[in-house]
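Just below is one structure, and these are the notes that go with it.
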Amino acid sequence: MSGTIGVFDSGVGGLSVLHHIRRLLPHEQLIYIADSGHVPYGDKSASFIEQRSLALTRFLVEQGADAIVVACNTATAAAITTLRQHYTLPIIGMEPAVKPAVAATQSGVVGVLATTGTLESARFAALLERYAGEVEIITQGCPGLVEQVERGDLLSAQTRSLLERYTAPLLARGADTLILGCTHYPFLAPLIGEVVGPNITLVDTGEAVARQLQHRLHTELPQRIPSIASVRFFTSGDVEHTTRIMSLLWGEMVVANTFYAPVPGHP
Ligand code: DGL
């Protein structure tokens with residue numbers, strides 16, 4: 001049986017995870033949806049994100065997906081429990097890389113850059129409870145950063161100044177390891193590296209999620225056979241703009257198709 005892997009995010013950030021998936025599973029058919037019409041998720045209510053996640057997953061399943069990757073920390077925190085109640089197929093989520101960061105830190109202080117939605121979630125509190133141990137974890141919400149990536153603005157003075165503002169308090173308190181707790185942020189890693197300097201370790205979970213997906217496919221869908229590799233892209237936002245930014249971040253020319261699923265009471 002050949003299958004399709006469905007991947008979604010609030011916007012283009014989940015492409016940072018899709019890169020790892022394609023590298024590890026080059027023969028798979030992949031479908032990616034950017035919910036660009038509703039980005040950012042970081043300041044939206046959990047119930048809104050749940051509705052969007054259900055609509056996105058439904059579409060991916062209709063397109064033949066037999067496994068789903070929620071390539072968004074914020075949507076995972078808000079909606080993965082509901083998604084798993086509605087669907088029995090493998091659903092892999094993302095969470096900030098607290099465990100590897102705790103293993104990596106020498107100073108005993110770790111900073112977490114993420115959306116407010118992720119940082120305020122019960123899932124994140126449980127993650128800290130489980131893995132932080134003796135390490136001091138300092139969190140930093142980063143309003144505006146997702147929007148910079150959505151604009152394809154990875155290097156401007158404005159993006160740099162946001163990064164300086166968000167990382168300075170973490171460095172001042174002795175953090176030597178920073179968690180990129182939002183799938184948009186790996187696209188800013190070169191600039192973050194410039195801002196914080198070479199002695200600070202940056203960690204994210206994109207690669208681990210791709211490995212987790214590979215493992216779940218092997219164990220839960222062992223009859224799967226390699227298919228003709230393909231990647232299809234969809235957006236609920238402006239097709240021309242998203243096509244341009246996706247092409248930039250994916251590293252080759254891609255075409256975004258329209259995905260339309262209104263949420264009752266919202267445009
Ligand atoms: N890429 C999403 C995440 O991982 C961004 C959330 C947002 O749209 O604010 O958290």
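Scope of the values below: all heavy atoms of this structure, side chains included, with no hydrogens, waters or symmetry mates. Since the model is a prediction, treat every value here as computed from it, not as a measurement. Note that ligands are numbered from 1 as they come in the structure, with each ligand's atoms numbered from 1 the same way.
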[atom] - nearest protein heavy atom and its distance:
atom	result
atom 5 (C) of ligand 1	Cys182 SG, 3.3 Å
atom 9 (O) of ligand 1	Gly42 N, 2.7 Å
atom 10 (O) of ligand 1	Thr74 OG1, 2.6 Å

Check this for me - ligand 1, [X], N or O atoms closer than 3.5 angstrom, yes or no?
X	result
Thr118	no
Cys72	no
His184	yes

For Arg23, I'd like to know if atom CZ has over 12 heavy atoms of other residues, nucleotides or ligands within 6.0 Å. yes
d(Asn73 CG, Leu127 CG) to nearest 0.5 Å is 10.0 Å
May I ask you to check whether Trp250 and Tyr32 place their ring centers less than 6.0 Å from one another? no
With a 6.0 Å cut-off on the ring centroids, do Phe8 and Phe234 count as close? no
Say whether His184 and Glu150, considering side chains only, have a donor N or O and an acceptor N or O under 3.5 Å apart. yes
For a quick check under 3.5 Å, do Ser121 and Thr118 share a side-chain donor-acceptor pair by atom type? no
Sub-4.0 Å heavy-atom contact, Pro40 with ligand 1: yes
Numbering the atoms of ligand 1 from 1, which are under 4.0 Å from a heavy atom of [X]?
X	value
Tyr41	7 (C), 8 (O), 9 (O)
Asp9	1 (N), 2 (C)
Val39	8 (O)
Thr115	6 (C), 9 (O), 10 (O)

Spell out, as yes or no, whether a donor-acceptor pair under 3.5 Å connects the side chain of Asp176 to the backbone of Gln106. yes
Is any NZ, NE, NH1 or NH2 atom of the basic residue among Glu28 and Arg22 found under 4.0 Å from an Asp or Glu carboxylate oxygen of the other? no
